[in-house]
Asks: 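The structure that follows is given in the form of structure tokens.
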Amino acid sequence: MRVTCTQENLAAGISVVQRGVSARTTLPILTGILLEASGAGLRLSATDHEIGIQATVPGDVARPGAAVLPARTFGDMVRKLPPGEVELEVDTASHAAQLAWGRSQFVIHGYPPDEYPLLPETPREGTLSLDQGLLRDLVRRTQFAVSHDETRPVLTGALLTLEGDEARLVATDGFRMALARTRLDGGAGAGVSAIIPGRALSELGRLLDPGAGPARVHVGPNQAFFELGAVRCLTRLIDGAFPNYRQVIPQEYRTQVRVSTGAFLDACERAALISRDGPPVVRLDLAPGRMVVTSAAPEVGKGYEELPAEIAGEPLEIAFNARFLSDGLRALEAETAEFACTGPLTPARIQAAEGDGYFYIVLPLRTL
Amino acid sequence: MAAGRPPVRRLDPDTINQIAAGEVVERPASVVKELVENSLDAGASRIHVEVRGGGIQSIRVVDDGWGMGPDDAGLALERHATSKLRSAADLATVATLGFRGEALPSIAAVARLTLVTRPPEAVEGTEIRAEGGRITRRAAPSPPGTSVTVTDLFYNTPARRKHLRPAAAEAAAITHAVTALALAHPRVAFSLVHDGREVLRTPGSGQLAATVAAVWDPGAARRMVPVDGGLGKIRVTGLVARPETARASRARQHFTVNARPVESTAVAAGLERAYRTLLPPGRFPAAVLHLMVPEGTVDVNVHPAKREVRFVDPAAVSRAVELAVTEGLSRAGAGPLLAPGAPPAAGSRPEPRTEPGVQVADAGALYAPWDAPGPGRDDPAAGAVMIPEAQRAPVTEGAAQVDFERLEPLGQVLDSYIVARGPDGLYLVDQHAAAERLVYEAALDLKPGGPVSQALLVPVALELDPEAFARWESVRGDLEELGFAFEPFGAGRELLVRAVPYVLGETADTALVSDVLDLALRGPAEPDPLARREEFGRVLASCKAALKANQALSREEMADLLRAMGRARQPYYCLHGRPTVLRLGRRELERRFGRG
Ligand SMILES: Nc1ncnc2c1ncn2[C@@H]1O[C@H](COP(=O)(O)OP(=O)(O)OP(=O)(O)O)[C@@H](O)[C@H]1O
Ligand SMILES: [Mg+2]
């Protein structure tokens, strides 16, 4: 294998895929990056068996071939090279890669490329097109509600459904739930539904580039594929049944509040501040014409805030985990939030006053 | 007059004495106890006890007390002759161990007794011999003090003699009795010799720790922490065992009330309560507790052998013991590594408190080495890093309590232990044990305004078996107080759990909720509401903490856990009495690297 490319392109490609390299693995080869030179240029791949990330770097391929080089050493080395042309030549027999620039060169020992796991190609059939900016919004507005509790695997991912002309992403940790949806342009999903691991979502959130044209998405039975121009991300899907969220969302609420999203969010964040070392409890006292937000931490202090708000329905006193409320409010993209709740055992809802299809459900706390 | 009906007769004095003796003298150990008590009442500072054949052959108690003159010595063997009480009114304020004037005559009624005594100021001593009701007195040489020799116990009451147990068992009972008296009187030097072999010797230095070390084993004192506290006018002092050294029996629990060794359910209950979150059922701490209670609040005259006392307010006594012991345990600080004492001043190197030549100098200078807990532990893993007793040179570390705020997590080993740097050494924290303790405290210490319960997005549906369902109905209120919210549904024994205790946090999935309720509803519910809550708290804590076992933690999570431990009421022990934190201080490090 022999290929020439610029240091800048190569370094950028490595940075993209390096996040797919397994941090803790017992298989030494998985600490490496797979390099494949072909007519299309130089393709870099990394995988930890859960997710895989690929990036294609433009270059002149003098001799096609493949190599696996240790990600740390290779990446750090390329980043330290001077800008300009770099030639990479790999000896097929010894797996040694020679990195040459100007009159200098380095040799890095690699692994046999045929032992590297194969990343499946994206199937051509059943692929949807979705604006990268819109997809990034879906991820950003739901990903935080994914559970980190490994004992409940289905909740450690978000449910992606592609149905009709709508894409939805739903995440819940059992105490709150975020649901974002967006319109699909071109190609209607035929009842696709899969749980995407939270880890893949956070990588996707980073890789998606709103300025870079549409993403091509394919959800297979075991894997999902996201093609983002020169970058491709694939992930294993989480097995199992996602909780039936539709069933638990109330249609009616006893008390409805319209309040400035920013003011409500700030109040919740202040409440969380005061209870840094304890449970972040925020208490809402909702009565016609009045929204009082209080918080208290025995050793630290307490807060009382009155927010201008429109309140409809019955007066209600209710408590929440301030962090949960803040998360949902931060995901809103509207100036005015509509907050609706019923009682200590019933889900409450946050959404934009002028609905944009996004909503956030959060379960209250009971306090002493 | 019916033929054969026996006439009523007055008993002769010998018979009266033998019957009375039955109450006072049950076995050789009671003779020893009575004689030693007399020595203590006579202000002795050394008491030597020598027995042969389990005390059945002979018992000799020698003291250096104030002795008796010839006339008193003669009276001493008469029934109801005592120097310690003048009227019934004195009973309320009696400070001596004896007060009935019954012990010596009772013993003399069932054995051959020789008493030789001389007050220190007298020139000549007196010898009294009693045998079969005959008492002889003569002048005899004697060292200052008193020596009483009792031989052939029960020689004239064969029925009682038959009931004696083998000599070895009687010897053990004697050892126990002398141990109890020695622990009650650390100022008095006791020695006990059985068949020519010394079985016990206390220094009489006045230091309880030294006495404990002498009567049990040298390590015993190191495994205990000092107690000094109480409630109102009740003062409780002594030593109690670190929880991890608890034993399977109560044999090492000794209580005194106003210097009198007693058995007391009130004291035992208070002790038990102080350990209730520290020990699993069936484990008991060693404890020596001295209670001083005001005159008039205790009746000592309720048991023929004076083994029991009656408190006017037993609940207050229990409470005083509980408070004092709880305080002692938490003041004594962390696990076996840590030595009680003052915490080090900020930034300063703790000054080692060494007491040259003294293994255990006083209760305040107790210490324990790195991997201390020895006997009494049945956890096989505990022995893994044990080093021989001899190698454990005394390590007197200055600091005691852990300043959790100042611990800086360095990392985690085996996904189980947090390694942290402290101002005075290296710390290891058992993350699972610590998590369990924290969840337990959080589950029970509900604060006004604090969160109790977190509602679930998707309620957990459970179907209970008939027994569990019946129990659920009886304890539903308790579970709801802890944060559960239930909704029966369907016609049968199905439940919807709509909310869970806040402490279960983000891990409340179906499996956890059903595990918790499964455990909580297994077996009969505790009848006492407080105990029931604690029981449920334990269940919550162990289920929740189980998820924290063998889990990689981020630096942030470790720091949070350490900070939370700093706020815990009892951060040093888990719910099973195992330590949660170990410290490797400068002196210990120096010693292990051969620099000390
Ligand atoms: N070792 C001793 N040294 C000095 N005086 C003693 C000693 N033993 C007994 N006496 C004297 O003999 C008296 C009788 O002793 P005895 O044990 O029979 O009765 P007590 O101690 O007064 O009451 P109790 O029956 O409750 O023990 C005591 O009151 C005490 O004055
Ligand atoms: Mg007596």
Side-chain angles (χ1 to χ4, degrees), chain A residues 23-24 145-155 170-178 242-250 275-283 294-299 302 318-324 341-348 361-368, chain B residues 404-405 415 438 442 444-460 480-487 496-513 515 543-544 546-552 554 557 559-568:
Chain A
R24 34 167 109 192
V146 165
S147 168
H148 298 285
D149 177 8
E150 298 296 334
T151 62
R152 320 165 75 182
V154 285
L155 299 189
V170 188
T172 179
D173 61 7
F175 305 105
R176 72 263 185 68
M177 186 191 92
F242 200 77
N244 183 352
Y245 60 88
R246 275 173 245 250
Q247 202 181 293
V248 294
I249 303 168
S275 51
R276 185 170 302 160
D277 273 335
V281 179
V282 62
R283 202 176 305 278
T294 55
S295 52
E299 280 102 51
K302 55 186 179 176
I318 192 163
F320 288 92
N321 181 325
R323 212 159 42 74
F324 288 177
C341 49
T342 298
L345 290 178
T346 315
I361 298 288
V362 54
L363 272 293
L365 295 175
R366 179 165 69 78
T367 58
L368 200 66
Chain B
F404 287 100
E405 299 285 330
D415 277 357
L438 294 174
L444 296 185
D445 269 9
L446 299 174
K447 301 211 172 61
V452 177
S453 173
Q454 164 74 65
L456 299 174
L457 181 64
V458 182
V460 172
E480 286 178 341
E481 256 175 56
L482 284 176
F484 283 103
F486 301 102
E487 196 176 290
L496 276 187
V497 182
R498 302 193 124 274
V500 295
Y502 181 81
V503 291
L504 288 185
E506 301 182 6
T507 45
D509 65 338
T510 315
L512 181 65
V513 171
D515 278 0
C543 291
K544 163 88 193 203
L547 305 171
K548 277 264 181 260
N550 298 311
Q551 205 191 55
S554 69
E557 290 172 305
D560 282 351
L561 188 90
L562 295 179
R563 246 179 311 136
M565 287 178 77
R567 293 189 303 271

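The sequence lines fix the lettering, A, B, ..., with proteins before strands; numbering per chain opens at 1.
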Asks: Nearest heavy-atom pair of B:L457 and A:T172: which atoms, and what distance?
Replies: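 Closest approach of B:L457 to A:T172, heavy atoms only: CD2-OG1, 3.2 Å.
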Asks: Any heavy-atom pair between the side chains of B:Y502 and A:T367 that's under 4.5 Å?
Replies: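 No, every pair of side-chain atoms sits at 4.5 Å or beyond.
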Asks: Measuring from B:R498:CZ to A:T346:OG1, what's the distance to the nearest 0.5 Å?
Replies: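 Here the rounded value is 6.5 Å.
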Asks: Checking A:P280 against chain B: side chain, backbone, both or neither under 4.5 Å from a heavy atom?
Replies: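 The answer is both parts of A:P280.
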Asks: What residue among B:P501, B:S453, B:P451 forms side chain to side chain contact (heavy atoms under 4.5 Å, CB included) with A:R366?
Replies: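 Testing each of B:P501, B:S453, B:P451 against A:R366, the sole residue satisfying side chain to side chain contact (heavy atoms under 4.5 Å, CB included) is B:S453.
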Asks: Is a side-chain donor or acceptor of B:Q454 paired with a backbone partner of A:F175 at a separation under 3.5 angstrom?
Replies: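 No, because the side chain of B:Q454 does not come within donor-acceptor range (under 3.5 Å) of the backbone of A:F175.
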Asks: If you count heavy-atom pairs under 4.5 Å with chain B, which of A:P243, A:P364, A:A297 comes out on top?
Replies: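 Top option by heavy-atom pairs under 4.5 Å: A:P364.
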Asks: Considering only heavy atoms and a distance below 4.5 Å, find which of B:A564, B:A455, B:A499, B:P459 pairs most often with chain A.
Replies: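 Maximum pair count with chain A is reached by B:A455.
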Asks: Measuring heavy-atom distances to chain B, does A:I361 have an atom under 4.5 Å in its side chain, in its backbone, in both, or in neither?
Replies: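 For A:I361, side-chain heavy atoms alone lie under 4.5 Å from chain B.
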